[in-house]
Amino acid sequence: MQDSRQLLRQSFIDKYNYTKSLPNLHLNFNAVGEEEVHPFEQIYFHGVIKCLVEWSQFSDHNFYLIGSNSPWDYSFDNKSIVFYLSNEDHIVPDSILKAKAIFTPYLPKNGPKNIFPIPLGYNGSVPKLDVIPINERNVDVFFSGNLHKRRLPFYLGVKAYQFSQQFRSAKDITNIQFNNSFASGFDPMDYAKMMMDTKIALVPEGYLSNNSFRFFEAARSGTVIISAELYKYPFYDAFPGIRMRSWWGLNKEIRHLLNDKPRLAALQEQILRYYEDHCSEKAIAEYIVKCVEKFI
């Protein structure tokens, strides 16, 4: 396990060094340290930038990859394209709005026309594994995550589902655990393996926002998603999974899915295609170019 962690960390460092080497890319993220486990958005956006480099007008702009939790001191103009991350409060500073285009996973209400939503992406520590056909997977339902106040309705819906299992002769195979902090349940590699061996991933509300790494990790894995309500963002509009208005209906949704193997297989294919077409690094790079070109 230690060797796999070292390889992952080395890949984090290599990707950081690649983005840092681009003369027109500025970032306030520090390099990933030897003991750091989660680089969060950095790896996903490294992939987006690597695709954007192929854009014929890439060198005509200055790109800024800004984590809102770290200090920065940049000036923006009509050649600036900003990625503003970690702003779970959905606030973007006025100074950034001077850029040609701003992209953020947390779109502010009534924002100007030059600000666009983008996926949060996967946690960079969770590796991509080969996809397993859904009906060959061993775990029916999986969730491991922090229990906080926004997830109380989700918790009660899960408990109602688990209670119903007591009355079934053939019980679902589940791995559901509530933890007291982010990513405290699984090592990233074990988490990736569990997600890949799961048929249905539960994706509840985040601590402040309905965005979550889990959504994109599950979609990339071809796992069928039962999700909290999603924002009215273009890449969410095409989502082919289940959106829950109320978690009290969780047991019913799980039963419908697990009792229909052809539907599960069809949903897996749709979700994999959805991720590739709407959420992958290549798809988002193409989307960014289209948005920026509106202002050229």
### Query
Between S144 and N175, is any side-chain donor less than 3.5 angstrom from a side-chain acceptor?
no
### Message
Please check: side-chain N/O of T223 versus main-chain N/O of A201, any donor-acceptor pairing under 3.5 Å?
### Response
no
### Query
In Å, rounded to the nearest 0.5 Å, how long is the span from CG of L27 to CH2 of W72?
14.0 Å
### Message
Is the shortest side-chain heavy-atom distance between R243 and F239 below 4.5 Å?
### Response
yes
### Query
Other than I91, which residues form its hydrophobic cluster under the rule that side-chain heavy atoms must be closer than 4.5 Å?
none
### Message
Suppose we call two aromatic rings close when their centres sit under 6.0 Å apart. Are F186 and F142 close by that rule?
### Response
yes
### Polar contact flag, side-chain donor to acceptor under 3.5 angstrom, D172-Y161
yes
#### Entry: Beyond-backbone contact of L147 with N179, side-chain heavy atoms, under 4.5 angstrom
no
### Residues that Q162 engages under side-chain hydrogen bond (donor to acceptor under 3.5 Å, both in side chains), provided they are two or more places apart
K159
### Message
When you measure from the side chain of N123 to the backbone of V126, do you find a donor-acceptor pair of N or O atoms at a distance under 3.5 Å?
### Response
no
### Task
List in chain and number order the residues that pass side-chain hydrogen bond (donor to acceptor under 3.5 Å, both in side chains) with T174, two or more places apart in sequence or in another chain; answer none if no residue qualifies.
none
### Summary
Taken to the nearest 0.5 Å, the spacing of H148 NE2 from F178 CZ works out to 10.0 Å
### Query
Is the backbone of F215 close enough, under 3.5 Å, to the side chain of S212 for a donor and an acceptor to pair up by distance?
yes
### Task
Kindly state whether the ring of Y18 and the ring of H46 have centres lying under 6.0 angstrom apart.
yes
### Task
Go through the side-chain N and O atoms of E253 and N251 and say whether any donor and acceptor fall under 3.5 Å apart.
no
### W55/H61 aromatic ring centres below 6.0 Å
yes
What donor-acceptor contacts under 3.5 angstrom involve side-chain atoms of residues 202-210, with partners at least two apart or in another chain?
| from | atom 1 | to | atom 2 | distance (Å) |
| --- | --- | --- | --- | --- |
| E205 | OE1 | W247 | NE1 | 3.4 |
| E205 | OE2 | W247 | NE1 | 3.2 |
| S209 | OG | N211 | N | 3.0 |
| S209 | OG | Y231 | OH | 3.2 |
| N210 | OD1 | R150 | NH1 | 3.3 |
| N210 | OD1 | R150 | NH2 | 2.9 |
| N210 | ND2 | E229 | O | 2.7 |

#### Entry: Donor-acceptor contact present, side-chain D197 to main-chain N138, <3.5 Å
yes
#### Entry: Residues that K20 engages under side-chain hydrogen bond (donor to acceptor under 3.5 Å, both in side chains), provided they are two or more places apart
none
### Query
CG of D60 to NZ of K100: how many Å apart, nearest 0.5 Å?
8.0 Å
### Query
Below 4.5 Å, heavy atoms only, C-beta onward: do L257 and I242 meet side chain to side chain?
yes
### Query
What pairs with I132 under side-chain contact (heavy atoms from CB on, under 4.5 Å), at least two apart in sequence or on another chain?
E136, R137, M196
#### Entry: Any residue meeting ring pair (Phe, Tyr, Trp, His ring centres under 6.0 Å) with F103, in chain and number order, not counting sequence neighbours
F83, F116
### Query
Between S280 (side chain) and A283 (backbone), is there a donor-acceptor pair under 3.5 Å?
yes
### Y275: side-chain hydrogen bond (donor to acceptor under 3.5 Å, both in side chains) partners, not counting sequence neighbours
none
### Query
Sub-3.5 Å donor-acceptor pair from the side chain of S86 to the main-chain atoms of G67, do we have one?
no
### Query
Would a distance-only check, ignoring hydrogens and angles, find a side-chain to backbone donor-acceptor pair under 3.5 Å from T198 to V141?
no
## Note on the structure
Connected to I173, directly or through other members, by ILVMFWY side-chain contacts below 4.5 Å are none
### Query
Taking the six-membered ring for Trp, are the ring centroids of Y44 and F40 within less than 6.0 Å of each other?
no
### Query
Hey, is the main chain of L258 close enough, under 3.5 Å, to the side chain of K261 for a donor-acceptor pair?
no
### Donor-acceptor under 3.5 Å (D187 side chain, M189 main chain)
yes
### Message
Could you see if I102 belongs to whatever hydrophobic cluster contains L107? Use Ile, Leu, Val, Met, Phe, Trp, Tyr and a side-chain cutoff under 4.5 Å.
### Response
yes
### Task
Give the ring-plane orientation class for F76 versus Y74, where under 30° counts as parallel, over 60° as perpendicular and anything between as tilted.
perpendicular
### Query
Under the salt bridge (Lys or Arg N to Asp or Glu O under 4.0 Å) test, which residues partner D140, sequence neighbours left out?
K199
### Residue list, salt bridge (Lys or Arg N to Asp or Glu O under 4.0 Å) with K282, at least two apart or on another chain
E286
### Message
Could you check whether any side-chain N or O of R151 sits under 3.5 Å from a backbone N or O of N146, counting only pairs where one atom can act as donor and the other as acceptor?
### Response
yes
### Task
Could you name each residue pair satisfying side-chain hydrogen bond (donor to acceptor under 3.5 Å, both in side chains) that touches residues 108-122, not counting sequence neighbours?
Y122-E281
### Message
I want to know whether F235 and H278 have ring centres closer than 6.0 Å.
### Response
no
### Query
With ring centroids as reference points, do F143 and F154 lie under 6.0 angstrom apart?
yes
